[in-house]
Protein chains: 2
Amino acid sequence: MKKPTIKDVAKVAGVSAAAVSYALNGRTDKVSNETIERIKGIIETLNYKPDFSARSLVKNQSKLIGIVIPQTESHKQLILENPFYSEMISGIEGKLREYGYHLLLSGVNQGESYLDLSIQRNLDGAIMMGIYPEQFYDGFKKINIPIVLIDSYINDNYFKRIGIDDEYGGYLATKYLIDKGHSNIGLVTGAIRKDGVVEKRFLGYKRAIREANFFYNPDYVFEESMSYEHGMAAGQLIAKKFPEITAVFATGDMVAFGAIRSLVDQGKKVPEDISVIGFDDITMSKMFIPPLTTIRQNITEKGAIAAEHLINMIQGGVEQEANEIMLPLTIVERATVKVKE
Amino acid sequence: MKKPTIKDVAKVAGVSAAAVSYALNGRTDKVSNETIERIKGIIETLNYKPDFSARSLVKNQSKLIGIVIPQTESHKQLILENPFYSEMISGIEGKLREYGYHLLLSGVNQGESYLDLSIQRNLDGAIMMGIYPEQFYDGFKKINIPIVLIDSYINDNYFKRIGIDDEYGGYLATKYLIDKGHSNIGLVTGAIRKDGVVEKRFLGYKRAIREANFFYNPDYVFEESMSYEHGMAAGQLIAKKFPEITAVFATGDMVAFGAIRSLVDQGKKVPEDISVIGFDDITMSKMFIPPLTTIRQNITEKGAIAAEHLINMIQGGVEQEANEIMLPLTIVERATVKVKE
DNA sequence: TTGTACGCGTTATCAC
DNA sequence: GTGATAACGCGTACAA
């Protein structure tokens, strides 16, 4: 059983293919209402659905949206095991679908480029999470594909940016620890890179420290990667070499989990001996034992909003809105931070 | 700057579009080697990439693979926040890309069907995780789209199945607890449905119980949904109403997390007071505190293998292999099970 | 090697 | 106002 084409419908209806097309698109100015009804009935009966490829060719729009997320170094896999990304994708996909778009989820092979993929698949737009080398962005500008950037501080009006105030978040987390009486506060974090969110969170950390007139000690900054493993390594270091540290701000929840884990393994109690605050509030954070105190952002909604704005750009709506959108941030107090005695 | 088409290349090369097409596809029998070289050079220079939509139309293959995963009840979102699915997708996507396929990630709106989507997008194949109403599968058979089923016991040779021996896994987990001296063993689980994995794990549980000549007590089976929340609810019940239960087999790691959490909240110690074993070994399980003892399957690899077999079906390789593939299972001992004193 | 028809749907043009 | 005809978008594959 092969799928019906527009011609099949036309034949059955005794009209031209063009008429069917008009009926499909509701062009009442081209076909009378009653024939539209009749054609629609036949479309139902045959269960005819227009082919996206054909449409993509003629209308030059694929109804396909790409999504770019970081990959493992080998370039082999998307890092979806990081719940932060998968929760976001969940939000993106739902919203796209609501508007009749579909999501193409693909990484990039060694030596190939996402830009080529976008061109070949005729992507109507793309959402990028994280930051990439500058030239990466340029290509999209040249061929004029609408792009929404999530969690990036790339300053270019071509792109729409969705994010949070990471500096403030970093400040909030650190200030919270300070208010609880801590003064020697470690920072466990992924790579601090220009235009990235981590840099801003780091800046917020420093601001809070300075504002409290504490000494900013670079030795207390444990920077490497946004991973559980790095959290573990840093936690171990802290337990062994920096017993004066009584609180830790981890710039991502996964990192916080790792830190807590190795701290506990080293015989430290969280939060009794050492407090830990995370960032993001991934789903897992409330399930963790002890439940993680963290800076919360609504990840799924962030994705949905990014999708919504991308569609707006594509459909060229009014969209003279700001091209940077900041989502709110809250602190959620759970069980990993305690007042210093 | 608009993208070059095959005609642009042809014009520059001073040949016909057909020649370019042949050059692209390496048809040395149709075009001389030297012109192929020359054309390829020009393709490089212009950075020409063939359009997937056009190809899809004429070759009737989209190089697009669909993936079906369960959705929230509102039909609004994919449940990607369940790491089990996202890890699997990671494995699937990587393998597909290796073979030149891309992944279309989409849920289904209320009142629409995945089958229609598959037809409209001309999907070359699809991977389905979990189980669905029977009619769901029939459509794909009719239009002859290759399908790989992950974690399903649907018995139909049209489909290729990738899974594990869930009955054995359930047996293994339960037997492990029994060997540790436990006899009152609770089962906390998602819905037990025909042809689903949970049913088999449940059967394995019963087999181990009976084999040990223990009494199978239906009251010890806490069945609802494969969620953290249900784990919590069940853990609470156990702590309050079934103090004689000294060990729990949770048929999914997320459920185990929930159970442990509420057990701990009720003042029980894991594993001192009560042991818990999970199933799947999602990434999070080794990060959990205490690290979860669980039945391990290689989730990412499972996805990769499913992708590989799907491609095999599509490309019609030799593939007279078995059409059911069972991946190995191991038990990983961490810190949530203890010998009963 | 090349011209050309084709796959499917859209839209501008033309006829009644 | 209703409708049909035909050209087009891009790449492929057959006949010439």
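Sequence lines set the chain letters: A, B, ... in the order given, protein chains first and strands last, and positions in each chain run from 1.
Crowding of B/E134 atom CD: a count of heavy atoms from other residues, nucleotides or ligands under 6.0 Å not exceeding 12.
From the 5' end on, the contacts that DNA chain C makes with chain A at under 4.0 Å to a non-hydrogen atom open and close at C/dC8 to C/dT13.
Nucleic acid contact class of A/S21 (heavy atoms, under 4.0 Å, all strands): base. Within 4.0 Å (heavy atoms only), A/A18 reaches at least one base atom of the nucleic acid.
Here D/dT12 presents its P atom at 14 Å from CG of B/N60, a figure rounded to the nearest Å. Distance A/D29 CG to D/dT2 P: 10 Å, rounded to the nearest Å. Counting to the nearest Å, the P atom of D/dA13 and the CD1 atom of B/I6 are 11 Å from each other. Straight-line distance from the CG atom of B/D8 to the C1' atom of D/dC10: 11 Å, rounded to whole Å.
Judged by the 6.0 Å distance and 45° axis criteria, A/R121 is positioned over the aromatic ring of B/F52.
Side-chain atoms of B/S90 never come within 3.5 Å of backbone atoms of A/I79 as a donor-acceptor pair (strictly under, hydrogens ignored). No side-chain donor-acceptor contact under 3.5 Å links A/S86 to the backbone of B/E81. Remark: the backbone N or O of A/T45 is not paired with any side-chain donor or acceptor of A/Y48 at under 3.5 angstrom. Looking only at distances, a side-chain donor or acceptor of B/R38 sits under 3.5 Å from a matching main-chain atom of B/A13. Of the possible polar contacts, one joining the A/D8 side chain to the A/T5 backbone as a donor-acceptor pair under 3.5 Å is found.
Annotation: of the two residues near DNA chain C, A/V20 and B/K30, the 5′-most nearest-nucleotide partner is B/K30. If B/R27 and B/L57 are placed on DNA chain D by their nearest nucleotide, the residue sitting closer to the 5' end is B/L57.
Of all non-hydrogen atoms in A/E93 and B/S106, the two that sit nearest each other are OE2-CA, 3.2 Å.
Within residues 47-55 of chain A, the residues approaching DNA chain C are A/Y48, A/K49, A/P50, A/D51, A/A54, A/R55, by heavy-atom distance under 4.0 Å. Taking a 4.0 Å limit (strictly below) on heavy-atom distances, residues 31-44 of chain B reaches DNA chain C at B/V31, B/S32, B/T35.
For the salt bridge (charged side-chain N to carboxylate O under 4.0 Å, His left out) condition, no pair includes a residue of residues 55-69 of chain B, sequence neighbours left out.
Contacts of A/D116 classified as salt bridge (Lys or Arg N to Asp or Glu O under 4.0 Å), with partners at least two apart in sequence or in another chain: B/K49. With sequence neighbours excluded, the residues forming a side chain to side chain contact (heavy atoms under 4.5 Å, CB included) with A/S152 are A/I131, A/Y137, A/L149, A/I154, listed by chain and number.
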